Amino acid sequence: MRQPHKERELTAVSADGTRIHVEVHGDDGRPAVVLAHGWTCSMRFWAAQLADLAADHRVIVYDQRGHGRTAVPAAHSSGYSTDALADDLEAVLAATLEPGERAVLAGHSMGGMTLMAAARRPVFREHAAAVLLCSTGSSRLIPEALLVPMRPGRTRTRISRWILGSRAPLGPVTPLSKRILRYGTMGAGAAPDRVAECARLVHACPRPVRVAWAHVLGVLDLDAEVRELRVPTAVIMGSDDRLTPPVHGRALAAALPDSAGLTELTGVGHMTPVEAPEAVTGAIRSLVGTYLGEKEDVA
C-alpha cells in the first residue's frame, strides 16, 4: 500500500503584495515538479497528478490569483495581467526551491500561458529544467475557439467573446450545467465523475475573477514570449478541444526554440489533466527522467 505523502502549506508574496496559497507535496530531496492550473480552476485540478507524482517527487501546486485560496488582486487593471501571472510564478519558485534548484514546470491553459509569460524572467530561467504546456495557446484565443458551430469570422468571434466574457452567474452545479461544461471544455466521452469534478471547480470561481481573466485572455498575445522559452518544452493537446483547438498546440510546437515533442490525445477536450490523467502524468514523468534524473543535486 502506498504511504501517505508529506504535505505542507505556505504563502508566497507576489510583486504587488498578493498572497499566493501554495502547497508542497512529497519529501524533500525528490525531483521537483511545479504545476500551474488554468482559468476558473484551482490547484485541486491537479488531484490525479498529485496522487501519482507525490510518491516519488516533490510536487508544488498553487492557486492562481483570485482562484482557490489565493487572494483576489487589488481592483486595478495591473492586478489581472500576464505580467502578474509571471510575478506570481516567480514568487512561488523563489519560496519553494533552493537557489539553483531546477524543476519540471507544467501548466494547463492559463497555467501554460503563465509559463510563457515568465519565459524571460531570471527566476524562471534559474529554476526551469523543462516545461509541459497542456491545452493552451499564445494568441488568437477567441477567433480560433470552436464553441460556436459556424464558420470562422467576425460573427463567430463576437459570439465567442460574449460567451467567454459573460457576467452571468454560474449558480449551483446541475445536470444542465454539467452538460454545458462538457460541451465547452471536455470530450464527448469524458467520464461523468470527471465532468462533475471540473464543474465543481469552475462553479467555485468567483464571478468577478472569472470575468476579469476572460478579458485578459481575450486580448492575449504571448507569441514573442514563446520564442524566449529556451528550455526543452513538450506540448500536449486534445483533438476535441474547443477552447484551445489543436491549431494552437501545433503553432506552439513549431515556434518553440527547444521542442520536446507534440502529443495529440484523440477524443479528449480541453481538460487534459483530468480527462487523460495517465497521459499527462506520464509526460511529466518523462520530462523529469530526461532532464532531472532520479534526483537533482541542490546547490
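Every value quoted in this text rests on a predicted model; they were computed, and no experiment measured them. All residue numbers refer to positions in the sequence shown, counting from 1.
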Review point. Between P257 and V226, what is the shortest heavy-atom contact and its length?
Key: CD-O, 3.5 Å
Practice item. Verify side chain to side chain donor-acceptor pair (under 3.5 Å) between D16 and T18, making sure each step is shown before the conclusion. Key: CA-CA 6 Å; D16 66 353; T18 300; 2.9 Å; yes
Revision key, fill the gap. For M116 and S138, the nearest pair of non-hydrogen atoms, with its separation, is SD-CB, 3.8 Å
Give every donor-acceptor pair under 3.5 Å between a side-chain atom in residues 35-47 and any protein atom, sequence neighbours left out.
unit_1 : atom_1 : unit_2 : atom_2 : d
H37    : NE2    : Q64    : N      : 2.8
W39    : NE1    : R210   : O      : 3.0
S42    : OG     : R44    : N      : 3.2
R44    : NH1    : E23    : OE1    : 3.3
R44    : NH2    : E23    : OE1    : 3.3
R44    : NH2    : E23    : OE2    : 2.7

**Study point:** From H203 atom NE2 to L170 atom CG, the distance as rounded to the nearest 0.5 Å
**Key:** 5.0 Å
Review point. Same hydrophobic cluster for L262 and V231, using side-chain heavy-atom links shorter than 4.5 Å among ILVMFWY?
Key: yes
Exercise for review: Identify the two heavy atoms, one from A168 and one from S166, that lie closest to each other, and give their separation to 0.1 Å.
Suggested key: N-OG, 3.1 Å
Point to revise | Shortest non-hydrogen separation from L97 to A32 and the atoms involved | key: CD2-CB, 3.8 Å
Review point. Same cluster or not: are V92 and V123 linked, directly or through other Ile, Leu, Val, Met, Phe, Trp or Tyr residues, by side-chain heavy atoms under 4.5 angstrom apart?
Key: yes
Review point. Can L229 be reached from L220 by stepping across I, L, V, M, F, W or Y side chains whose heavy atoms are under 4.5 Å apart?
Key: yes
Exercise for review: Indicate yes or no for a side-chain donor-acceptor contact from T272 to the backbone of V268 under 3.5 Å, with no hydrogens or angles considered.
Suggested key: no
Review point. So do the side chains of S259 and V235 get within less than 4.5 Å of each other, counting heavy atoms only?
Key: no
Review point. Is it true that the NZ or CZ of R242 lies under 6.0 Å from the centre of Y183's six-membered ring and within 45 degrees of the ring axis?
Key: yes
Study note, to complete from the structure: Exactly one of T185, D240, T244 clears side-chain hydrogen bond (donor to acceptor under 3.5 Å, both in side chains) with H270, and that residue is T244
Point to revise | No-hydrogen, no-angle side-chain donor-acceptor test under 3.5 Å, D221 and S139 | key: no
Exercise for review: State plainly whether the residues R140 and D223 are in salt-bridge range, i.e. N to O under 4.0 Å.
Suggested key: no
Exercise for review: Identify the two heavy atoms, one from Y62 and one from I20, that lie closest to each other, and give their separation to 0.1 Å.
Suggested key: CD1-CG2, 3.7 Å
Practice item. Look up atom CE in M150 and atom CZ in R156, then write down how far apart they are to the nearest 0.5 Å. Key: 8.5 Å
**Study point:** Nearest-0.5 Å distance, CG of residue L89 to CG of residue L105
**Key:** 6.0 Å
Review point. Charged N to carboxylate O under 4.0 angstrom, E275 versus R182?
Key: no
Practice item. Check E225, E126, E90 against R121 for a salt bridge (charged side-chain N to carboxylate O under 4.0 Å, His left out) and give me the one that passes. Key: E90
Review point. Which residues pass the ring pair (Phe, Tyr, Trp, His ring centres under 6.0 Å) test with H248, sequence neighbours left out?
Key: none
Study note, to complete from the structure: Nearest heavy-atom contact between A234 and A260 is N-CB, 3.8 Å
Could you list the donor-acceptor pairs under 3.5 angstrom formed by side chains in residues 8-15, with sequence neighbours left out?
unit_1 : atom_1 : unit_2 : atom_2 : d
E9     : OE1    : R69    : NH2    : 3.3
E9     : OE2    : R69    : NH1    : 3.2
S14    : OG     : D88    : N      : 3.4
S14    : OG     : D88    : OD1    : 2.5

Review point. Under 4.5 Å between side-chain heavy atoms, hopping through other hydrophobics if needed: is there a path connecting V216 to L115?
Key: yes
Check your understanding: Would the number of heavy atoms belonging to other residues, nucleotides or ligands and lying under 6.0 Å from CZ of R125 be above 12?
Key -> yes
